[in-house]
Novice: 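Structure below; questions to follow.
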Amino acid sequence: MADLPYRIVIGLEVHVQLLTKTKLFCGCPNRFGLPPNSATCPVCIGMPGVLPVMNRRAFELALKAALALNCQIAAFTKWDRKNYYYPDLPKNYQISQYDLPFSYDGWLEISTATGPKRVRIIRVHLEEDAGKMLHDEQGGGRDSLVDLNRAGTPLLEIVSHPDMSTPEEAKAYLEEIRLMLRELEVSDCEMQEGSLRCDANVNIHVPLAGGGHAATPIVEVKNLNSFRSVERAIRYEAQRQYEEFQKTGKKLGEVPKATAGWDENRGITVVQRRKEEASDYRYFPEPDLVPVEVDDAWRERIRASLGELPAQQRRRLQEQYGLSAYDANVLTSQGRAMVAYFETVSGKCGDPKAACNWITNKLLAVAKTQGSGNGGPFALPAEHLADLIAEQKAMGLTKQISEELFDLMVGEGLTAKEAIERKGIKPVASADELLAIVRRAIAANPKAVADFKKGKTAAAQAIKGAVMKETKGTAKPDLVQQLVMDELQKV
Amino acid sequence: MSLTADQVRWVAHLARLELSEADLAKLTEQLSAIVDYVGQLQSVNTDGVEPLAHPLPIHNVFREDEPHVPLPVEAALANAPDRHGGFYGVPAVLD
């Protein structure tokens, strides 16, 4: 990004759906994929005279997320009505939080190419989701369809400071939120299903000839439905703003904040309309809900349930096991279960680096080709992988033979010992035995010997290959090399 | 009058209401009267008074995360002016 003639400034608004059984203010099921309008009741479709009652589990999941995001937890919080008219919002207001969100002032550490970076969080608040609209894609002017199953489900809004300066950082931030909230079982964070959604506030700083810089007007980019589209849309929007700035010279504050939709197919952002100001939503305190107070004991009880978070895990894997930052990140990004798997393998075989290599080179590849079914990456018990690593060392097995054993163990569900037996691999008992094999190989390959004598040193490889074949790869390659060379000199 | 016709036009737009010029004039007058009436509260000195979040002196009212039986689809859609299968039908939304 260093060669761009401007600096990108990115803040993200992230929405995540909470993994509760029921909606935020009523007992309707909170589940994706039910038949349309089969999970609604008078409360969530906005019938007159009904009263919302807060779901305790939803509030506690929200607390958990906010604490994991290093936020301050407000001792006193309340809800407000955000008024707007749209067919997916049956009450004509959304119950949200305005001036007293339950948490604020946090940060999230992300892993970037240049090391860890902190993105500051402005606030995290708890609100209800709206229903879902299906529009006529062909544009034939047919009716739009409304499904209110999602109306009233609990939604967390996480607002960052504009601390990200590349599309890659924005993606890393989003991935970190997903990893963390999945591990905490706060949300399943499926962008495809809409349980993780993201809007990006983007503008750019263009350096000025006389020093300093000009900031362009901020555009909120919506409709980002995948991690890839977040990156692409930000990159596109920044360049669009640069070109517009060259033409118009318009700076931040000179035009109202706008929203733009990302068109994934065309790969462009389409600036839509003037953004409604907060006052247009006519927020006022929700009279149907009483405030919530969080005391120290409650907050600390939730904090104690967090366990080790990804940033802590990356650091510990490096410090405790001597892994590289890269390896620590690969393991951590697979989730806590994988980190635990690694620790079991490493503890049992005593070689963290080998354990990590086996996991990142082989185990994850297996998981990728086999999918998550059949135990996914954990199809091979940690103890068995540790045994394989130990046998590889003890028997001096080559990489290739060891990987064949690995495939056999995964494929047939064998232990390391069983796989070694199945392949008929026996350790070469002694150097004498190996020497006898080398001599036999020399005797059996007169042509290679003759070539070697003519000065073709590469011919020694054929002898060596015969020895490795005979020992089924159990001989130490460098020892074989040495014995072959020594014996060839004697012929 | 405390409100201008433009302000009322904007509020009407937010409420997705289409007003005739005659209605706009009348509503500007009526709404201004309401705003002025409530505006009397501005004369009270509230320095050092904490904003009231809720009139009831209670907090932390929760329910457990237990599902109830939702409305049958037919009942949920009973009042819908228009429907398509299990969906509510509404005029095409362009925005």
Side-chain angles (χ1 to χ4, degrees), chain A residues 20-22 25-30 35-42 44-45 47 53-59 76-78 83-88 92 99-100 131 133-136 139-149 272-273 276 280-282 285-287 289-294, chain B residues 2-4 6-19 31 34-35 38 41 46 49-95:
Chain A
T20 53
K21 281 190 278 203
T22 68
F25 302 120
C26 64
C28 286
N30 174 24
N37 295 304
S38 65
T40 68
C41 75
C44 58
I45 58 177
M47 292 291 166
V53 187
M54 179 84 60
N55 181 337
R56 182 194 302 276
R57 175 89 184 135
F59 188 73
F76 178 94
T77 185
K78 71 166 172 81
N83 299 277
Y84 66 92
Y85 289 72
Y86 204 68
D88 62 8
N92 294 334
D99 58 336
L100 295 173
M133 299 276 296
L134 279 101
H135 302 291
D136 182 7
R142 274 208 337 266
D143 284 355
S144 292
L145 308 179
V146 184
D147 174 8
L148 296 180
N149 283 348
Q272 286 164 332
R273 61 180 156 92
E276 283 177 357
D280 290 343
Y281 290 122
R282 293 151 294 146
E286 167 59 86
L289 288 170
V290 295
V292 168
E293 293 184 9
V294 181
Chain B
S2 55
L3 293 179
T4 66
D6 277 346
Q7 284 174 314
V8 176
R9 193 178 285 117
W10 181 244
V11 172
H13 163 76
L14 292 176
R16 303 296 180 259
L17 294 174
E18 215 173 337
L19 300 181
L31 275 174
I34 294 170
V35 168
V38 176
L41 289 170
T46 55
V49 178
E50 203 164 308
L52 184 69
H54 201 279
L56 298 179
I58 51 175
H59 55 82
N60 295 27
V61 175
F62 292 105
R63 60 177 187 84
E64 296 311 310
D65 186 23
E66 298 297 340
H68 67 195
V69 178
L71 284 176
V73 178
E74 287 310 313
L77 292 171
N79 296 324
D82 192 12
R83 58 181 286 186
H84 293 263
F87 291 97
Y88 296 87
V90 296
V93 180
L94 301 172
D95 184 71

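So you know, we letter chains A, B, ... as the sequences are listed, proteins then strands, and number each from 1.
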Novice: What side chain to side chain donor-acceptor pair (under 3.5 Å) pairs are there with at least one residue in residues 66-80 of chain B, not counting sequence neighbours?
Specialist: Glu74(B)-Arg83(B)
Novice: Taking side chain as everything from C-beta outward and backbone as N, CA, C, O, which of these in Leu289(A) sits under 4.5 Å from a heavy atom of chain B? Side chain, backbone, both or neither.
Specialist: backbone
Novice: Sort Pro285(A) into side chain, backbone, both or neither according to what part of it lies under 4.5 angstrom from a heavy atom of chain B.
Specialist: side chain
Novice: Output the option from Val294(A), Leu148(A), Asn55(A), Asp147(A) having the highest count of non-hydrogen pairs under 4.5 Å with chain B.
Specialist: Asn55(A)
Novice: Which one, Asp82(B), Ile58(B), Leu52(B), leads in non-hydrogen pairs under 4.5 Å with chain A?
Specialist: Ile58(B)
Novice: Does anything in residues 50-65 of chain B form a salt bridge (charged side-chain N to carboxylate O under 4.0 Å, His left out)? List the pairs, not counting sequence neighbours.
Specialist: Arg56(A)-Glu64(B)
Novice: By a 4.5 Å heavy-atom criterion (distance strictly below it), what part of Phe76(A) contacts chain B: side chain, backbone, both, or neither?
Specialist: side chain
Novice: Keeping the roles fixed (side chain from Arg282(A), backbone from Asp280(A)), state whether a donor-acceptor pair exists under 3.5 Å.
Specialist: yes
Novice: Got a second to check how far Leu71(B)'s CG is from Leu77(B)'s CG, nearest 0.5 Å?
Specialist: 10.0 Å
Novice: Are the side chain of Thr22(A) and the backbone N or O of Pro67(B) linked by a donor-acceptor pair below 3.5 Å?
Specialist: no
Novice: Please look at Leu145(A) and chain B and tell me whether the side chain, the backbone, both or neither of the residue comes under 4.5 angstrom of a heavy atom of that chain.
Specialist: both
Novice: Which bit of Pro291(A) is near chain B, if near means a heavy-atom gap under 4.5 Å: side chain, backbone, both or neither?
Specialist: both
Novice: If we ignore hydrogens and angles and just use 3.5 Å, is the side chain of Asn30(A) paired with the main-chain N or O of Lys21(A) as donor and acceptor?
Specialist: no
